[in-house]
Enquirer: 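I am attaching a structure below and will ask some questions about it afterwards.
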Amino acid sequence: MTETPRAVGFIGLGNMGGPMAANLVAAGHAVTGFDLSPEANDAARAAGVPIAGSAAEAVASAEYVITMLPAGRHVLGAYQGEDGLLAAAPAGTLFIDCSTIDVADARTAAAAAQAAGHRAIDAPVSGGVAGASAGTLTFMVGGSEEDIEAAEPLLTVMGRKTVHCGGPGAGQAAKLCNNMILGISMIAVSEAFVLGEALGLSNQALFDVSSTATGQCWALTTNCPVPGPVPASPANRDYQAGFAAALMAKDLGLAADAVTSNGVQATLGLAAADIYRQLADGELAGQDFSTVINRIRGNSGAGAADA
Ligand code: NAD
């Protein structure tokens, strides 16, 4: 039981929001949740989260409002309007948006919250559904020092680490930049394995060299896209239960928008966004993003396919 229970309105009780809200309840906070989906509400209720009849009702006496929604348009749509969260919450409420959204939308949302007399931070997460359930997420946070400090009692329940990245939108910026590195590096590792196969090199031999040489990276040493060298990687369970290719496509789409609107030369980032978009449009969309190696192998010549 927490020493100081906080009143929290939690909007968006899907794969991530549901377990995050349940962890806050388990820690003794006074959470009221709401989701547009009756199934999400039922699952959260079964996990101990009291459910309101509307989003406005869920935040009517909140000190904190947490949103965990699919995209920027959902966050802005939920915040704004006569029945929106900004109008319904008591003045001075701290809005914490944990969704992964466009940096520009995050800044718009924070400015709208402040204009309505509230406080706001963006706090996207990494760690996936497993981290949301275990309360071990990492929060990348944008906003003022004071507001982030005020959010800490909740963030420490839902996660293990908080990194203050800068002003409004900086958390989203960090999330997109990190995932651009990850998406590109997984393609690089996958292309190298497929080339190695074409050259008659065993996957284990390439792993043994690169994992201790200059090619080492998380995509190789933790989430290795071929079965064998890293027993816990999704490749060993037919690419199930990892970070879905569709979610990587979404994040790299946001990164690509930011690359384009800021005039940055990010040739590989744009190419990676395109590759994951095609993957997400196909039958491998639900598999871990390391399944990109299967697309590369499938599109390569007979030598690689036979290896
Ligand atoms: P999800 O689709 O499971 O959940 C989103 C929920 O929001 C749904 O239940 C939907 O009904 C609800 N919703 C949409 N609009 C609403 C509104 N106006 N009011 C109330 N509810 C509304 O998605 P998720 O996997 O929980 O992801 C949520 C966010 O977290 C996304 O931005 C995603 O990119 C990010 N994220 C997800 C993961 C992951 O592994 N799933 C990891 C890191 C970040």
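From a predicted model like this one, the values you see are computed outputs, not experimental measurements. Counting starts at 1 for both ligands and their atoms, following the listed order.
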Enquirer: Give the numbers and elements of all ligand 1 atoms closer than 4.0 Å to a heavy atom of S99.
Expert: 32 (O)
Enquirer: Could you please spell out the steps behind the side chain to side chain donor-acceptor pair (under 3.5 Å) verdict for S233 and N236?
Expert: CA-CA 6 Å; S233 80; N236 296 282; 3.1 Å; yes
Enquirer: Please could you name the atoms of ligand 1 that K250 approaches to less than 4.0 Å, counting only its heavy atoms?
Expert: 31 (C), 32 (O), 33 (C), 34 (O)
Enquirer: Going by distance only, is there an N or O of T100 that falls short of 3.5 Å from an N or O of ligand 1?
Expert: yes
Enquirer: With a 4.5 Å limit on heavy-atom distance, are the side chains of S210 and Q216 in contact?
Expert: no
Enquirer: Side chain or backbone of L247 under 4.0 Å from ligand 1, or both, or neither, by non-hydrogen atoms?
Expert: side chain
Enquirer: Which heavy atom of the protein is the closest neighbour of atom 30 (O) of ligand 1, given with residue, atom name and distance?
Expert: M68 CE, 3.1 Å
Enquirer: Which of the atoms in ligand 1, numbered in the order shown and given with their element, are less than 4.0 Å from a heavy-atom of I11?
Expert: 19 (N), 20 (C)
Enquirer: Heavy atoms only: which of L85, D35, L36 lies closest to atom 11 (O) of ligand 1?
Expert: D35
Enquirer: Nearest protein heavy-atom contact for atom 28 (C) of ligand 1: which residue, which atom, what distance?
Expert: L69 O, 3.9 Å
Enquirer: Of the choices G18, G128, A58, which has the non-hydrogen atom that lies closest to atom 40 (O) of ligand 1?
Expert: G128
Enquirer: Can you confirm whether something in the protein, heavy atoms only, sits under 4.0 Å from atom 18 (N) of ligand 1?
Expert: yes
Enquirer: Could you identify the single nearest non-hydrogen protein atom to atom 27 (O) of ligand 1 and state the distance to 0.1 Å?
Expert: M16 CG, 3.9 Å
Enquirer: Measuring only between side-chain heavy atoms, which start at C-beta, is I51 closer than 4.5 Å to T32?
Expert: no
Enquirer: Can R297 and E197 be counted as an ion pair, charged N to O under 4.0 angstrom?
Expert: yes
Enquirer: Taking N or O atoms only and a 3.5 Å limit, does F243 qualify as a polar contact for ligand 1?
Expert: no
Enquirer: Among protein heavy atoms, which lies nearest atom 4 (O) of ligand 1, and at what distance?
Expert: G14 CA, 3.3 Å
Enquirer: Any heavy-atom pair between the side chains of H164 and T162 that's under 4.5 Å?
Expert: no
Enquirer: Decide yes or no for S185 and W218: does some side-chain heavy atom of the first lie under 4.5 Å from some side-chain heavy atom of the second?
Expert: no
Enquirer: For atom 24 (P) of ligand 1, is some protein heavy-atom partner under 4.0 Å away?
Expert: yes
Enquirer: Looking only at non-hydrogen atoms, find the nearest pair between Q172 and D122 and report the distance.
Expert: N-OD2, 3.1 Å
Enquirer: If the threshold is 4.0 Å, N to carboxylate O, is there a salt bridge linking D42 and R45?
Expert: yes
Enquirer: Contact between L201 and F193 at the side-chain level, heavy atoms closer than 4.5 Å - yes or no?
Expert: no
Enquirer: Would you call P70 a ligand 1 contact, heavy-atom distance under 4.0 Å?
Expert: yes
Enquirer: Is the closest heavy atom of K175 to ligand 1 under 4.0 Å?
Expert: yes
Enquirer: Where is the nearest protein heavy atom to atom 3 (O) of ligand 1: which residue, which atom, and how far?
Expert: N15 N, 2.9 Å
Enquirer: S37 heavy atoms, cut-off 4.0 Å: which ligand 1 atoms fall inside?
Expert: 11 (O)
Enquirer: Does the N or O separation between H74 and ligand 1 drop below 3.5 Å for any pair?
Expert: no
Enquirer: Just wondering, are more than 12 heavy atoms of other shown residues or ligands nearer than 6.0 Å to CZ in R237?
Expert: yes
Enquirer: Around D238, counting heavy atoms of other residues, nucleotides and ligands shown, do more than 12 lie under 6.0 Å from its CG?
Expert: yes
Enquirer: Counting C-beta onward and ignoring hydrogens, is there a side-chain heavy-atom pair between V259 and M180 closer than 4.5 Å?
Expert: yes
